[in-house]
Each structure stands twice: as C-alpha cells, then as structure tokens.
Amino acid sequence: MGEDLEKLKQRLPLLDYLRQQNWCGRPAGQGTEFVGLCPLHPESRPSFYVNARKNLFYCHGCGQGGDLIRFVELSLHLSFPQSLAYLQQQGVPAGAADAREQAAVFYQQQLPRHPEALRYLERRGVHDPALIEELRIGYAPGGNLRRHLTNQGYSLESLQRDGLVHRQGGDTFYRRIVLPCGQHREVVNLYGRSIDAAFPHRFLPGPKGGLFAWDLVRHFSTLILVEGLLDLAVLWQAGFRNTTCAFGTHLTPFQFHQLSEQPDRVVYIVFDQDENQAGQRTAHHLARRLVGVSVPPRLVQLPAGRDPNSYFVAGAAAADFADCLEGAHPL
Ligand SMILES: [Zn+2]
C-alpha cells in the first residue's frame with residue numbers, strides 16, 4: 001500500500017476531496033465547520049456537516065459519519081482496501097501534475113516538427129489532426145525536455161522525482177509518442193510509446209488514473225473497453241466515441257468500480273486476439289466479474305491475431321467493427 005493512512009488524509013483533506021466532487025458547503029458557526037446537502041442520501045435541507053479541523057463528517061439525516069476513507073467506502077460502495085487504493089490514485093503529489101502538464105504541452109509542440117513521429121502515427125492508423133489535438137498526442141524526441149523545464153524553474157531533483165528525467169539526468173522519454181492520461185482535468189501520468197521496436201512502451205512512475213476519458217464516456221449506455229490508447233485512438237477516429245481504455249487488461253479496483261457503477265450499461269470487451277489466448281482469458285475473467293455485479297458484458301471477437309488498432313490499420317472500416325460488436329456474445 002505504501003502511503004500510510006494519516007499521511008494520505010493529510011495530503012487529501014476531506015473538505016478538499018468533497019469539493020473536488022462538487023459538494024457545496026457553507027460555514028456553520030465557528031469557522032472550521034461546514035454544512036451542506038448530504039451526498040450519501042437524498043435530502044432537501046442540509047444536514048451533512050464537515051469539521052475541517054478534525055477532518056471528519058457527520059450527517060444528521062442518515063446518521064453516517066467518519067473520515068475520508070469512510071466517506072469513500074459509503075459513497076462509492078467500496079471495501080476499505082479498495083477505498084484506500086482508490087484514494088491513493090487520486091491526484092499525484094503537488095507539483096508533479098504541474099510538471100507533467102508542462103511536459104505534455106511541450107511534447108505536443110514537438111510533434112509536428114518530427115516527421116518520424118508523424119509517420120509512426122500514420123502507420124498506426126492515427127491521422128485525424130483534430131483527434132491528435134483532442135487526445136493531446138505529442139512526441140518526445142529525447143534530449144530537450146530537461147532543459148525546457150529547468151528553464152521554466154523546475155529543479156532537476158523535482159523532475160527526477162516525478163520521473164520525467166532519469167537518474168543519470170537525461171529525459172526519460174526518448175523517441176516516443178506521448179499520450180497524457182488525465183483525471184479531473186489533471187495530467188496524472190504520461191504514456192510513452194516507443195516508435196522503434198527496441199524499447200518497451202512505458203508509463204512514468206505512479207498511478208495511471210481511472211479509465212481513460214471517463215468524464216466523456218461515462219454517460220453512454222454502452223461502452224467499449226479496449227486495452228491500449230492506440231486502440232482507443234482508431235476507434236474514436238472511426239466514430240466509436242463510447243470507447244474507453246484501462247491501459248492493459250487488468251483493471252484496478254477503482255477502474256472496475258467505474259465500469260460497473262451503472263448496472264444496465266452494456267460493456268463490450270475488445271481485448272487482443274493473441275495466439276496464446278492471454279487477452280481472451282483476461283477478457284473472460286473480467287466478463288464474469290461484471291456479471292457478478294449485474295453489468296451485462298459482451299465479448300467481442302476480432303479476426304485472429306488482431307487488436308482494434310491493427311484491425312483498422314489492415315483496412316477495416318467502421319461498418320466492419322460494428323459487425324464485430326453485433327456478433328459479440330453475452331456470457
Ligand atoms: Zn446523509
């Protein structure tokens with residue numbers, strides 16, 4: 001778990017967390033207490049009190065009370081360990097998100113200047129300039145981020161701590177397409193996808209956040225879940241805007257909670273059709289878990305050896321993919 005409980009509660013005060021969740025409270029009495037409508041039960045007159053000094057809440061309407069962890073348990077229906085895991089993913093240390101945001105902006109500016117990066121995107125079927133802009137796709141040529149950020153006042157130590165610069169002092173990302181992963185409009189992590197086969201794809205240290213672009217997709221009544229950001233990119237480009245991604249096949253408890261928060265939502269799982277069946281096995285496992293929480297899953301079969309990205313790159317059109325969705329079987 002890493003971070004200890006008290007430190008976590010200090011880093012993320014209950015009142016700040018509630019405000020991030022759009023809770024409106026007004027001061028009640030002596031300054032450190034706030035009152036507003038209870039987020040845990042329907043009510044028309046405020047009975048939910050937060051004591052900012054004690055970092056505790058109590059609702060006179062439903063009788064619930066406790067600390068930040070308790071609030072997350074109750075509001076998201078998570079167990080204690082799940083709530084902890086969720087909170088540890090909320091936000092990154094002060095300053096890191098900021099530096100990562102600046103890095104994302106810088107990498108975006110680099111992209112059009114490097115034909116090798118544009119050629120790579122083209123090869124991976126990503127060509128719509130509006131989509132590239134929307135996903136904030138950038139390019140790290142390597143060797144120029146550190147200077148750029150230290151000129152902006154970031155210390156070398158902080159950049160190393162955030163993972164943007166490695167221990168030897170060079171840029172972590174080198175010849176990589178970079179995609180920011182955001183949460184609450186904050187860059188939580190950066191995904192660096194090597195344009196040469198030699199280097200593995202990687203994230204910066206720390207959490208990757210929830211499901212990709214959750215704020216944009218959560219209102220859809222059907223969702224398409226894919227493994228990777230380049231799968232997502234070609235699907236968005238083809239008009240399947242209800243696609244999200246968990247950055248791999250194993251969902252964190254929080255990502256699973258997001259996926260299952262609405263019981264009637266149909267979830268299409270489109271993992272890679274690899275030869276060793278690993279993607280299919282994890283897809284099955286996830287589908288069974290979704291059934292367990294009354295979310296109807298559909299397992300989507302692509303032609304052998306394909307993932308959504310390579311399927312489109314090989315020439316599939318939106319109608320072909322729609323056929324695959326149609327042919328998907330419930331568990
Ligand atoms: Zn209440």
Side-chain angles (χ1 to χ4, degrees), residues 1-92 94 97 182-186 188 207 209-211 213-221 223 244 251-267 289-296:
M1 283 280 161
E3 193 172 13
D4 103 6
L5 207 59
E6 289 312 312
K7 273 211 196 107
L8 173 75
K9 288 199 271 184
Q10 269 174 31
R11 175 170 69 81
L12 196 56
L14 175 62
L15 190 61
D16 290 4
Y17 175 80
L18 289 166
R19 285 183 171 150
Q20 277 173 27
Q21 311 294 317
N22 298 321
W23 182 73
C24 297
R26 55 174 173 77
Q30 45 343 20
T32 62
E33 208 165 29
F34 296 82
V35 63
L37 291 173
C38 178
L40 302 172
H41 86 277
E43 64 176 4
S44 51
R45 284 188 24 218
S47 50
F48 184 88
Y49 285 79
V50 177
N51 188 316
R53 192 172 50 81
K54 293 183 183 158
N55 220 359
L56 295 171
F57 72 94
Y58 184 76
C59 174
H60 292 279
C62 61
Q64 300 285 6
D67 63 2
L68 173 67
I69 320 278
R70 182 73 192 134
F71 182 79
V72 170
E73 285 182 292
L74 291 167
S75 59
L76 297 180
H77 311 287
L78 297 176
S79 67
F80 183 79
Q82 285 172 339
S83 303
L84 259 187
Y86 162 74
L87 285 169
Q88 278 159 349
Q89 297 205 24
Q90 291 297 296
V92 282
Q183 203 167 306
H184 306 307
R185 289 178 210 90
E186 187 174 76
V188 173
L211 292 170
W214 189 242
D215 294 344
L216 299 177
V217 300
R218 66 185 304 176
H219 64 276
F220 286 107
S221 57
L223 280 181
T244 185
L251 276 62
T252 64
F254 176 54
Q255 289 174 335
F256 184 77
H257 167 76
Q258 289 178 313
L259 207 55
S260 55
E261 71 180 11
Q262 200 178 299
D264 306 323
R265 183 160 55 207
V266 176
V267 176
R289 286 178 65 203
L290 287 171
V291 168
V293 291
S294 308
V295 171

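The shown structure was predicted, so the numbers you read here are calculated from the model rather than taken from an experiment. Order of listing sets the numbers, starting from 1, for every ligand and every atom in it.
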message: For N/O/S atoms only: which one belongs to His41 and is nearest the Zn ion (ligand 1)?
response: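 Closest N, O or S atom of His41 to the Zn ion (ligand 1): ND1.
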task: With ring pair (Phe, Tyr, Trp, His ring centres under 6.0 Å) as the test, would you mind laying out the steps for Phe48 and Trp23 before giving the verdict?
output: CA-CA 10 Å; Phe48 184 88; Trp23 182 73; 5.5 Å; yes
Leu56 backbone acceptor or donor facing Asn51 side chain under 3.5 Å: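 Checking the backbone N and O of Leu56 against the side chain of Asn51, no donor-acceptor pair under 3.5 Å is found.
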- line: Heavy-atom closest pair (Gln262 atom, Arg218 atom, distance to 0.1 Å) is OE1-O, 3.9 Å
- prompt: Do you know the tightest heavy-atom contact between Leu74 and Gln64?
  reply: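 Between these two residues, the closest heavy atoms are CD1-OE1, 3.7 Å.
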query: Which value, rounded to 10°, describes the SG(Cys62)-the Zn ion (ligand 1)-SG(Cys38) angle?
result: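 Nearest ten degrees: 120°.
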- request: Give a yes/no answer: is there an N/O/S atom of His60 under 2.8 Å from the Zn ion (ligand 1)?
  value: no
